[in-house]
*Asks:* 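Dropping the structure in here first, questions after.
Quick caveat: nothing in here was measured; it's all calculated off a predicted structure. Every heavy atom of this structure was used, including side-chain atoms; hydrogens, water molecules and symmetry mates were not.
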Amino acid sequence: MRRRDFVATTGAAWAALATPPAVLRVSRRRGVDPARLQAVLDGAAKALGVVGAQLAVFDGTTLHECATGMANRERGLAASTDTLFQIGSTTKVFNASMIMALVDRGVLDLDRPVRSYITDFALAEPEWAARITLRQLLSMSAGLDNGSYSDHGRGDDALDRYVAAMVSIPNIFEPGTGFGYSNAGSNVAGLAAQRATRRNWDALLRDHLLRPLRLERSATFPEELLFHSVSLGYRLGQQGAPPSRVPVWGLPRSMSPAGGTLCCSAGDLARLGRLFLDDGVAPDGTRVLSAAAVRVMHTPQVTLPARLTAERWCCGPYWKRWGGVELYGHSGTNSGGSSMLLWSPAKRMAIATIANVPNQGYPLANRIFDAVLPEMFGIAKPKQATPETVTRASFDPARYLGRFEAHGSILIFTAVDGKLMVQSTSPAARNEPVATELIPLGDDRFLPADPAMGGNRGWDVAFWGRDGAGRATHFLNGVFATRRTG
């Protein structure tokens, strides 16, 4: 019952946006082989036990899409290139793009306090609430806690209710002084757009991004999903048991800007990536974002103390360099799916993956990128760091010992026989408790011996700051920041 599906999308409208020949020669130096893309996707999904997945690659002129496995195993429905999957936090690039479209129109300003738009915006630290800007929210430098995953209903006031409830959650750090990934911050930015326009977030996303880009395999409401092939979510079974279906659908509407509701195909993710390669112009010539807005979204705003997921963060996407090539992108995981989007202006390429087994989404993307990027675009992707491949650095554990917290997350660090150990519980993020060694990499960075510490995302962790006793004041679990509380 397994079906493999491949589509190559071309057209006069796409060819109308000419690309300088020199750029095309670089980006297509090795060429994209559609059969090879399908084989790589099939092999990666099979090796990782992924029930259904998609891969899309834009090579400078053509969008290649392929799919493998099942969208709904119980009903025997195969995944195809037009199947919609939950994409999780990759939604944040959509949210940032929509906000930048409103900045282009003078409706929003990145550097005005967000309270200019949300007049009743309140936090546990009142003076910080008055200072936070949209630029800080989009670049994850506002200091907000990642926030709760609470459901505030399906009404148009869901975002209002979510943001109002943030007053009981302490900030992690002073605005503009560090990095801390925050779902809550994305929701605040989305609410600012709602308040400034008096329209709901879904309508703003549709009118300012989805329709102009003709992203017809994207939807936010369940009523819209009824008109599409939709993938369910699965989790891997224990000890060789077959994957089981995730019993819940997704996150609530109150988290839409952060990644709660948007479902897409990998092809639509790659089409969004192409927007940034074409300086904000859609394939049919419609200007969706100004060239200035694209430059802002490509300008790093903050440097991360951990470096494997990303080195810097822009207004929306992250930034990193692989083999000397600058890449932008985002990734995300929801209860039923996991996605990753990368694009490179220098290579004029975009690539997107989606899987319906959430904790295998990042491993799937890594296997695919390991094969596709060097072979077809000459991008030397670093191999995934593992406890066996990293070099242990010398360190003094005293700086790191103690208790660190964020909303619904507690981490306790201890020293055992000269090794730094951590016990982590994160019920707010729906993660299972983890106890593992942290392998020292130097510069306050560590690699968890158990990848479950980061939900199999393959990221490193890091400490920063210094209190009066020389102890670290903050800890970054990949991208999620915590503050010392003991």
*Asks:* Under a 3.5 Å distance rule, please check whether Gln384 uses its side chain to pair with a backbone N or O of Gly458 as donor and acceptor.
*Replies:* yes
*Asks:* If only atom types and distance count, is the side chain of Asp467 paired as donor or acceptor with the main-chain N or O of Ala469 below 3.5 Å?
*Replies:* yes
*Asks:* Do the charged groups of Arg253 and Asp156 touch, with an N to O distance under 4.0 Å?
*Replies:* yes
*Asks:* Who pairs with Ser89 by side chain to side chain donor-acceptor pair (under 3.5 Å), at least two apart in sequence or on another chain?
*Replies:* Lys92, Tyr181
*Asks:* Strictly below 4.0 Å, N to O, side chains only: are Asp370 and Arg367 in salt-bridge contact?
*Replies:* no
*Asks:* Checking Arg392 against Glu437 for the salt bridge (Lys or Arg N to Asp or Glu O under 4.0 Å) test, could you report, in this order, the C-alpha distance in whole Å, the side-chain angles of both residues, the deciding distance, and whether it holds?
*Replies:* CA-CA 12 Å; Arg392 289 176 177 264; Glu437 179 194 357; 2.8 Å; yes
*Asks:* Judged by atom type as modelled, is there a donor-acceptor pair below 3.5 Å linking the side chain of Asp460 to the main-chain atoms of Arg307?
*Replies:* yes
*Asks:* Sorted by first residue and then second, give each side-chain hydrogen bond (donor to acceptor under 3.5 Å, both in side chains) pair with at least one member in residues 256-267; sequence neighbours left out.
*Replies:* Ser256-Thr261
*Asks:* Relative to the ring of Tyr318, is the ring of His330 parallel (under 30°), tilted (30 to 60°) or perpendicular (over 60°)?
*Replies:* parallel
*Asks:* So, the side chain of Gln86 versus the backbone of Trp249: is there a donor-acceptor pair under 3.5 Å, distance only?
*Replies:* yes
*Asks:* Students often mix this up, so state it plainly: with edges at 30° and 60°, are the rings of Phe463 and Phe475 parallel, tilted or perpendicular?
*Replies:* tilted
*Asks:* Count the heavy atoms of every other residue, nucleotide or ligand shown that sit under 6.0 Å from CZ of Arg161, and state whether that count exceeds 12.
*Replies:* no
*Asks:* Is it true that Arg466 and Asp444 have a side-chain N and a carboxylate O under 4.0 angstrom from each other?
*Replies:* no
*Asks:* Does Trp464 offer a backbone N or O that forms a donor-acceptor pair with the side chain of Thr473 under 3.5 Å?
*Replies:* yes
*Asks:* Has the side chain of Gln54 got a donor or acceptor atom that lies under 3.5 Å from a matching backbone atom of Ala266?
*Replies:* yes
*Asks:* Parallel under 30°, tilted from 30 to 60°, perpendicular over 60°: which one fits the rings of Trp459 and Phe480?
*Replies:* perpendicular
*Asks:* Is the backbone N or O of Ser339 less than 3.5 Å from a side-chain atom of Thr353, with the two atoms forming a donor-acceptor pair by type?
*Replies:* no
*Asks:* Using the salt bridge (charged side-chain N to carboxylate O under 4.0 Å, His left out) criterion, which residues pair with Asp104? Sequence neighbours excluded.
*Replies:* none
*Asks:* What's the spacing between Asn171 CG and Ile132 CD1 if we round to 0.5 Å?
*Replies:* 5.5 Å
*Asks:* Would you indicate whether Glu174, at its atom CD, is surrounded by more than 12 heavy atoms from other residues, nucleotides or ligands within a distance under 6.0 Å?
*Replies:* yes
